[in-house]
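All figures in this text were calculated on a predicted structure; none of them were measured in a lab. Counting from 1, the numbers follow the sequence of the chain as shown.
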Amino acid sequence: MAFWDVDLSTRSGAETAADQGGLACFITAGLTVLGALFFGGMVGFDTIEGQLTAGVIGLQALIALVAGFRLKAGKGVFWGSAVAAMLVLEIINKLMNALAFGGLILNVFFLVMVVQGVRGAWALWRGTGFEDDQVEVFE
């Protein structure tokens, strides 16, 4: 099964989608920390601009980290949506400013995984309509 085509008709498929979304959030958080160190270091951590840049990017990494833990737990619709919104803004920024194709492709890939994770967490939250829940044990 492809990562963009998840099966939300079963509980296992929804849990797998939420788990993959959490993994994408963890990777996004790690890459964001690297970005904070790189861009904060370019401006200089001794200046107020460098400290603010590192702080704001660090806050984004913290949000992605919390979303990763929540999605791994099968929850986190709100936090995952916040990470998806941050990724959309990052994609728009890359399209308008730098046209960095490597980062653009990675961000689109992570966006798809996070959105699928949010869909999986949403399906788990609703908890109704799973095919495997309707199977009778003793027929």
Side-chain angles (χ1 to χ4, degrees):
M1 174 173 38
F3 72 94
W4 62 83
D5 185 29
V6 297
D7 180 22
L8 297 178
S9 64
T10 63
R11 186 174 303 279
S12 175
E15 288 172 351
T16 301
D19 190 56
Q20 287 178 351
L23 178 64
C25 286
F26 287 141
I27 294 171
T28 301
L31 291 175
T32 303
V33 167
L34 287 176
L37 294 174
F38 181 72
F39 289 115
M42 282 180 57
V43 176
F45 288 116
D46 54 344
T47 64
I48 191 71
E49 293 87 8
Q51 293 169 356
L52 284 175
T53 300
V56 169
I57 295 175
L59 180 64
Q60 290 177 345
L62 181 66
I63 291 170
L65 188 65
V66 169
F69 283 121
R70 294 296 292 164
L71 285 173
K72 284 282 194 180
K75 301 174 179 163
V77 173
F78 172 76
W79 290 100
S81 298
V83 171
M86 288 188 322
L87 285 170
V88 166
L89 291 175
E90 184 69 27
I91 289 169
I92 291 170
N93 185 30
K94 287 189 186 310
L95 283 173
M96 294 185 71
N97 290 331
L99 288 176
F101 291 111
L104 183 68
I105 292 170
L106 280 176
N107 282 336
V108 168
F109 177 74
F110 292 139
L111 176 65
V112 169
M113 287 182 67
V114 169
V115 167
Q116 295 296 357
V118 169
R119 289 182 61 218
W122 183 267
L124 288 170
W125 179 73
R126 279 192 337 235
T128 58
F130 291 123
E131 290 175 0
D132 54 357
D133 288 344
Q134 299 171 2
V135 175
E136 294 292 328
V137 177
F138 302 105
E139 291 186 318

- [ ] Dump the intermediate steps for side chain to side chain contact (heavy atoms under 4.5 Å, CB included) on L124 and R11, then the final yes or no.
- [x] CA-CA 7 Å; L124 288 170; R11 186 174 303 279; 4.0 Å; yes
Task: Closest contact, heavy atoms only, A17 versus G120 - done: CB-CA, 4.1 Å
Open item on the list: Side-chain heavy atoms nearer than 4.5 Å, only ILVMFWY residues, links allowed to pass through others: does that put V66 and V56 together?
Closed with: no
TODO: Would you please name every residue forming a side-chain hydrogen bond (donor to acceptor under 3.5 Å, both in side chains) with D19, sequence neighbours left out?
DONE: K72
TODO: Find out if a path of hydrophobic residues (ILVMFWY) with successive side-chain heavy-atom gaps under 4.5 Å connects M86 to L34.
DONE: yes
Open item on the list: Restricting to side-chain contact (heavy atoms from CB on, under 4.5 Å), what partner residues turn up for V88, sequence neighbours left out?
Closed with: I92, L111
- [ ] Taking side-chain hydrogen bond (donor to acceptor under 3.5 Å, both in side chains) as the test, write out the residues that go with Q60, two or more places apart.
- [x] none
Task: Contact summary for A121 and A18, nearest pair of heavy atoms - done: N-CB, 4.1 Å
Task: salt bridge (charged side-chain N to carboxylate O under 4.0 Å, His left out) pairs, two or more places apart, involving residues 27-36 - done: none
Open item on the list: So which atom in G80 and which in V114 form the shortest heavy-atom distance, rounded to 0.1 Å?
Closed with: O-CG1, 3.4 Å
Pair up each side-chain donor or acceptor in residues 26-33 with any protein partner under 3.5 Å, not counting sequence neighbours, and list the distances.
unit_1, atom_1, unit_2, atom_2, d
T28, OG1, A24, O, 2.7
T32, OG1, T28, O, 2.6

TODO: Among residues two or more places apart or on two chains, list those pairs meeting salt bridge (charged side-chain N to carboxylate O under 4.0 Å, His left out) that have a residue in residues 23-35.
DONE: none
TODO: Kindly work out whether a path of hydrophobic side-chain contacts (I/L/V/M/F/W/Y, heavy atoms less than 4.5 Å apart) joins W79 to L71.
DONE: no
Task: V83 to I63 - nearest heavy-atom pair and separation - done: CG2-O, 4.0 Å
Open item on the list: For a quick test of reading the model, state the closest non-hydrogen atom pair linking M113 to Q20 and the distance between them.
Closed with: CE-O, 3.4 Å
- [ ] Give every residue pair that meets the salt bridge (charged side-chain N to carboxylate O under 4.0 Å, His left out) criterion with at least one member in residues 20-39, sequence neighbours excluded.
- [x] none
- [ ] Mind jotting down which residue pairs meet the side-chain hydrogen bond (donor to acceptor under 3.5 Å, both in side chains) criterion with at least one end in residues 80-92? Sequence neighbours excluded, please.
- [x] E90-K94
Open item on the list: Quick check on the hydrophobic clustering: are V115 and V108 connected, directly or via other members, by side-chain heavy-atom contacts under 4.5 Å?
Closed with: yes
Task: With sequence neighbours excluded, residues passing ring pair (Phe, Tyr, Trp, His ring centres under 6.0 Å) with F78 - done: none
- [ ] Can you run down the salt bridge (charged side-chain N to carboxylate O under 4.0 Å, His left out) pairs that involve residues 104-117, sequence neighbours left out, and say none if there aren't any?
- [x] none
TODO: Please identify each residue that fulfils side-chain contact (heavy atoms from CB on, under 4.5 Å) with I105, with sequence neighbours left out.
DONE: none
TODO: Verify the cluster assignment for F109 and L95: are they in a single hydrophobic cluster under the rule of side-chain heavy atoms below 4.5 Å apart?
DONE: yes
